[in-house]
Amino acid sequence: MISPSNSLTEAAYKNNLPLYTVFELTHRCNLKCLHCYLIKQNKSELNTKEVKTILDKLARAGCLYLCFTGGEIFLRKDLLELCAYARKLNFDLRLFSNGTLITKEHAKMLSEIGLSAVEISLYGRKKSHEQITAKNNSFKKTLVALKLLKKYKVPVRIKAPLLNINFNDYKWLIKFAKKNKFEYRLDPVLAPQNNGDCTIQRFQLSAEKLKTIYTDKKLNKYLINQYEVSTDVSLQDVPDLFCNAGKVFAGISPQGIVYPCLQLLYPLGNLKNQSFRNIWHKSKKAKRLRKYSTKDCKECLKCSNIKACRRCPGIALLETGKITGKSKTACKIAEIQSKIQ
């Protein structure tokens, strides 16, 4: 998602407007990626009419930046119809996809609809990519999609989590993106599965490899700046240990459940039996979430690396069962950041 102006963000923050919304259209997927956080393919999902009704409500609620994600969204036969409807409502729209199902007709239609970007998961060279996707021929299909999107001038961003499997390919990914004039985003943070199972974090980069990532200036600025360490020791200047989830950022599941973020599995309500406005502005859980602040993270306040911490409350909740919990993932990265600054 692209960042709006500071004044727009401030206005949305002040009024708790869902400026950004990430909408999971499906949990179904044609790949079996090793790092996937979904514990199973829940085939229950909103129908076309229900999705459109929610989009209407989001537009009225103040959402401007919308993302459709999955699962694999191109498994939905109504995807292009939903994209066209979202653009009719003037959303800045982008899509997350693995690209393997994108055809020439898709690329042509997406070009006509007008998107902010299609973000495609590419994990590295063929061997690494298909080891992660656990699907033969997925590399070739993804490259075909990238070629088609480029041909029809659809903006593309390549994105990939950095695992111990594809670490040696990250420079290749950057080179490939720059050669084709694609944006890119590489993320070394692995989240647990949605049930709190941390098994997939065995693919997390080692401390030595993380240090390499965070000291490589060729990486996108977002990654470097995200973990820039403050030198001020006063508490008021310690990085906020809570993000904008539930404030200007919303997530919606394929079943219509509203979350502060799809990483922060703290259900606020269900759009099948409640209005978005009531869920977002009136639910007790939403109001409670917005009251949390850094001072509520008691364990974190004692940490010598707190100035380097960019804790995700969603990952903390999955790892510890508490929104205010101390995330092992954040601690590991903060310790590395403290040493290299």
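This chain uses plain numbering: 1 for the first residue, then up along the sequence.
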> If you take all heavy atoms of Ile102 and Ala145, which pair is closest and at what distance?
Replying inline: CB-CB, 3.9 Å
> Between atom OG of Ser97 and atom NE2 of His106, what is the distance when rounded to the nearest 0.5 Å?
Replying inline: 9.5 Å
> Is there a chain of hydrophobic side chains (I, L, V, M, F, W, Y, each step under 4.5 Å between heavy atoms) that links Tyr184 to Leu163?
Replying inline: no
> Roughly how far, to the nearest 0.5 Å, is NZ of Lys211 from CD1 of Ile336?
Replying inline: 9.5 Å
> With a 4.0 Å cut-off, would you call Glu119 and Lys159 a salt bridge?
Replying inline: no
> Could you go step by step and tell me if Thr133 and Leu31 meet the side-chain contact (heavy atoms from CB on, under 4.5 Å) rule?
Replying inline: CA-CA 6 Å; Thr133 64; Leu31 301 182; 4.0 Å; yes
> Thinking salt bridges, do Glu112 and Lys108 make one under a 4.0 Å N-O criterion?
Replying inline: yes
>> Taking the cut-offs as 6.0 angstrom to the six-membered ring centre and 45 degrees off its axis, would you call Lys52 and Tyr85 a cation-pi pair?
In response: yes
>> Please evaluate residues Leu219 and Ile174 with respect to the criterion side-chain contact (heavy atoms from CB on, under 4.5 Å), reporting the C-alpha separation (whole Å), side-chain torsions for both, the decisive distance (0.1 Å), and the verdict.
In response: CA-CA 8 Å; Leu219 282 172; Ile174 294 174; 3.6 Å; yes
>> Would Arg290 and Trp280 count as a cation-pi pair here, with the cationic atom under 6.0 angstrom from the ring centre and within 45° of the axis?
In response: yes
> Do Ile165 and Tyr37 share a hydrophobic cluster, counting only Ile, Leu, Val, Met, Phe, Trp and Tyr and linking them when any side-chain heavy atoms are less than 4.5 Å apart?
Replying inline: no
>> Cation-pi check for Tyr266 against Lys285: NZ or CZ below 6.0 Å from the six-membered ring centre and within 45 degrees of the axis, yes or no?
In response: yes
> Where do Pro188 and Leu205 come nearest, in terms of heavy atoms and distance?
Replying inline: CB-CD1, 4.2 Å
> Going through the distances and angles, do Arg28 and Glu45 end up as a salt bridge (charged side-chain N to carboxylate O under 4.0 Å, His left out)?
Replying inline: CA-CA 10 Å; Arg28 292 176 291 134; Glu45 53 195 47; 2.9 Å; yes
> Mind checking who shares a hydrophobic cluster with Leu17, ILVMFWY linked at side-chain heavy-atom distances under 4.5 Å?
Replying inline: none
> Where do Glu24 and Thr69 land on the side chain to side chain donor-acceptor pair (under 3.5 Å) test, with the steps shown first?
Replying inline: CA-CA 5 Å; Glu24 279 182 325; Thr69 186; over 6 Å; no
>> Go through it in stages, so that I can follow the logic: the residues are Asn98 and Ile120, the test is side-chain contact (heavy atoms from CB on, under 4.5 Å), and I'd like the CA-CA distance, side-chain angles, deciding distance and then a yes or no.
In response: CA-CA 5 Å; Asn98 61 43; Ile120 299 291; over 6 Å; no
> Can you find a side-chain donor-acceptor pair between Ser275 and Asn278 that sits under 3.5 Å?
Replying inline: yes
> Should Leu210 and Phe203 be counted in the same cluster of Ile, Leu, Val, Met, Phe, Trp and Tyr side chains packed under 4.5 Å apart?
Replying inline: no
> Which heavy atom of His35 sits nearest a heavy atom of Pro161, and at what distance?
Replying inline: NE2-CG, 3.5 Å
>> Return the CG to CG distance between Leu19 and Leu8, rounded to the nearest 0.5 Å.
In response: 5.0 Å
> Counting only heavy atoms not in Lys141, do more than 12 sit closer than 6.0 Å to its NZ atom?
Replying inline: no
> Do Lys135 and Asn30 have side-chain N/O donor and acceptor atoms under 3.5 Å apart?
Replying inline: no
> What class does the angle between the rings of Phe139 and Trp172 fall in, given that below 30° is parallel, 30 to 60° is tilted and above 60° is perpendicular?
Replying inline: tilted
>> Ignoring hydrogens, what is the shortest heavy-atom contact between Leu241 and Cys297? Give both atom names and the distance.
In response: CD1-CB, 4.0 Å
> Does Asn47 CG have over 12 foreign heavy atoms under 6.0 Å away?
Replying inline: yes
>> For a 4.5 angstrom cut-off between non-hydrogen side-chain atoms, does Leu34 reach Ile200?
In response: no
>> According to a hydrophobic-cluster definition based on side-chain heavy atoms being under 4.5 Å apart (Ile, Leu, Val, Met, Phe, Trp, Tyr only), do Val156 and Tyr123 belong together?
In response: no
> In Å and rounded to the nearest 0.5 Å, what is the CG to CG distance from Asp92 to Leu66?
Replying inline: 9.0 Å
> Mind checking whether Tyr292 and Phe242 have parallel, tilted or perpendicular rings, split at 30° and 60°?
Replying inline: parallel
>> Between Ile257 and Leu271, is the side-chain contact (heavy atoms from CB on, under 4.5 Å) condition met? List the steps.
In response: CA-CA 6 Å; Ile257 301 172; Leu271 291 166; over 6 Å; no
> If you look at every heavy atom in Leu318 and Gln193, which pair is closest and at what distance?
Replying inline: CD2-O, 3.7 Å
> Minimum heavy-atom separation for Ala250 to Pro18, with atom names?
Replying inline: CB-CB, 4.2 Å
> Would Arg157 and Glu183 pass as an ion pair if we require N to O under 4.0 Å?
Replying inline: yes
